[in-house]
Amino acid sequence: MTLVATPESQLSPLSGLYETFHAFRLLSGLEPDLPAAPFAAQIVAPRAAPAHAATGLPLIAHRTFDEVESTDIAIVPLMAVEGPGWETGRYPELVDWLRGLHAAGATLCSACTGVLLLAETGLLDGREATIHWAFAQTFERSFPRVRLRCEEVLVTAGDREELVMTGGVTSWHDLALFLIARHVGPTAARAMARLLMLEWHGEGQAPYRSFIPRRDHDDGAVLDLQEWLAAHLATAQPVEAMADRSGLPRRTLERRFRRATGCSPIAYVQNLRVAEARRRLERTDEAVEEIAHAVGYENVAFFRRLFQRRTRLTPGAYRRKFSLP
């Protein structure tokens, strides 16, 4: 097993994965039926000289990647990404190396933004992938031929399911447990989760994902409606109100709004309302019925169904999950 480190790497996911796979020595002492060393993990980097991770912490690799001719599993952990874009082509030899490993039968994995480097291989074109929800637009701009599933925390692709991706900063937990379950067994994965208090994010990223409205367009009428909706999200019959305010025929409004924002007017309103409901569930003690009415839903049952469809949790479960103890 090989973990790929670059100057953009975040140290905690990299070291977390490395130490988890080496924790079998401790785990086998507590669970004698489990192997002591099912994985031999190493860290590789583009250069041999000592380097620093993205936050400035020292990062020392065992080898350079071109010294590793074969491996059964290669993992690209989380990489720090600033700004709206991802600059491709910075590590062409590393991308070729990953492509060669795949051709030789290796499983290629990524955690969070590590999928940006994995996508440069072209192996994800026409396939599904996931990344931290905050970087969805960054990914889509760079790799439009990949079908992004940001609501999922773990996605596999390929004829052999040999491409494994997780989304979210601590999704390396899910990746580690998935690989342990696949190669050692589910009993070992459960035991490791208990030992290290690792967490399966069973609901995916949906409970964590924030709605980030697209405003990087030049449609002035749609921008005006977006600003108006932010202050009037509880308006009854919002799409009709938007059509009246813009003076556009409804079909024209829907077409322009979807082109500018990526979603229909009603879906946009629902996303705004659920975002406000989440904020109130996290920060207030208001009853669910009060919150439903406050964000524009007289039918509380419909609100509960919509909320669960968007977040994969009921309002009550969401409040319990995100309320500070």
Side-chain angles (χ1 to χ4, degrees), residues 1-18 21 39-83 85-127 129-132 135 138-146 148 155-158 160-167 169 171-172 175-176 179:
M1 174 182 290
T2 303
L3 305 175
V4 178
T6 69
E8 290 80 21
S9 295
Q10 293 277 10
L11 195 59
S12 58
L14 180 68
S15 61
L17 284 163
Y18 181 83
F21 295 124
F39 298 100
Q42 62 181 339
I43 298 173
V44 301
R47 293 180 296 276
H52 293 84
T55 55
L57 292 172
L59 190 159
I60 300 177
H62 299 100
R63 300 180 182 181
T64 60
F65 71 86
D66 54 4
E67 294 177 307
V68 178
E69 296 182 358
S70 65
T71 187
D72 53 351
I73 302 170
I75 303 174
V76 185
L78 185 152
M79 304 169 69
V81 178
E82 296 182 2
W86 166 253
E87 183 184 342
T88 60
R90 283 176 292 177
Y91 303 104
E93 295 87 358
L94 180 54
V95 170
D96 288 342
W97 177 76
L98 288 169
R99 197 182 292 116
L101 292 178
H102 177 265
T107 296
L108 301 187
C109 309
S110 66
C112 195
T113 51
V115 74
L116 290 162
L117 189 61
L118 190 58
E120 288 196 41
T121 64
L123 296 169
L124 300 181
D125 289 355
R127 291 171 165 156
T130 189
I131 193 173
H132 189 290
F135 297 97
T138 297
F139 186 96
E140 289 169 340
R141 276 190 288 266
S142 297
F143 307 105
R145 288 182 286 182
V146 182
L148 205 54
V155 170
T156 62
R160 300 176 285 109
E161 293 191 321
E162 75 281 8
L163 303 167
V164 184
M165 298 142 281
T166 60
V169 176
S171 67
W172 67 266
L175 178 59
L179 292 174

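The figures here come from the full heavy-atom set of this structure, side chains too, leaving out hydrogens, waters and symmetry mates. Here the structure is a predicted model, which is why all the values come from computation and not from measurement.
With sequence neighbours left out, the side chain to side chain donor-acceptor pair (under 3.5 Å) criterion links Glu140 to Arg214. The salt bridge (Lys or Arg N to Asp or Glu O under 4.0 Å) test applied to Arg145 returns Asp125, not counting sequence neighbours.
Counting heavy atoms from C-beta outward, Thr130 and Val115 have side chains that stay 4.5 Å or more apart.
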Take Leu123 and Leu118 through the side chain to side chain contact (heavy atoms under 4.5 Å, CB included) test and state the conclusion after the steps. CA-CA 8 Å; Leu123 296 169; Leu118 190 58; 5.6 Å; no

Can you check side chain to side chain contact (heavy atoms under 4.5 Å, CB included) on Val44 and Glu67, steps first, answer last? CA-CA 9 Å; Val44 301; Glu67 294 177 307; over 6 Å; no

Starting from the C-alpha separation in whole Å, work towards a yes-or-no answer on side chain to side chain contact (heavy atoms under 4.5 Å, CB included) for Leu59 and His52. CA-CA 5 Å; Leu59 190 159; His52 293 84; 5.7 Å; no

Run the side chain to side chain contact (heavy atoms under 4.5 Å, CB included) test on Val146 and Arg127 for me, step by step, so that the C-alpha distance in whole Å, both residues' side-chain angles and the decisive distance to 0.1 Å come before the verdict. CA-CA 6 Å; Val146 182; Arg127 291 171 165 156; 5.8 Å; no

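Counting only residues at least two apart or in different chains, side chain to side chain donor-acceptor pair (under 3.5 Å) contacts with residues 100-120 comprise Trp86-Glu120, His102-Glu162. Within the structure, salt bridge (charged side-chain N to carboxylate O under 4.0 Å, His left out) pairs that include any residue of residues 97-116 comprise Asp96-Arg99 (at least two apart or interchain).
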Please list, one pair per line, the donor and acceptor atoms closer than 3.5 Å that link side chains of residues 68-81 to other protein atoms, with sequence neighbours excluded.
unit_1	atom_1	unit_2	atom_2	d
Thr71	OG1	Thr2	OG1	3.0
Thr71	OG1	Ile73	O	3.3
Asp72	OD1	Met1	N	3.2

Sequence neighbours excluded and cut-off under 3.5 Å, please list the side-chain donor-acceptor pairs for residues 4-13, or say none.
unit_1	atom_1	unit_2	atom_2	d
Thr6	OG1	Glu8	N	3.2
Thr6	OG1	Glu8	OE1	3.1
Glu8	OE1	Tyr91	OH	2.7
Glu8	OE2	Arg90	NH1	3.4
Glu8	OE2	Tyr91	OH	3.2
Ser9	OG	Thr6	N	2.8
Ser9	OG	Thr6	O	3.1

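Between Phe139 and Phe143, the ring centre distance stays below 6.0 Å.
When every heavy atom of Ser171 is checked against every heavy atom of Thr166, the shortest pair comes out as OG-OG1, 2.9 Å.
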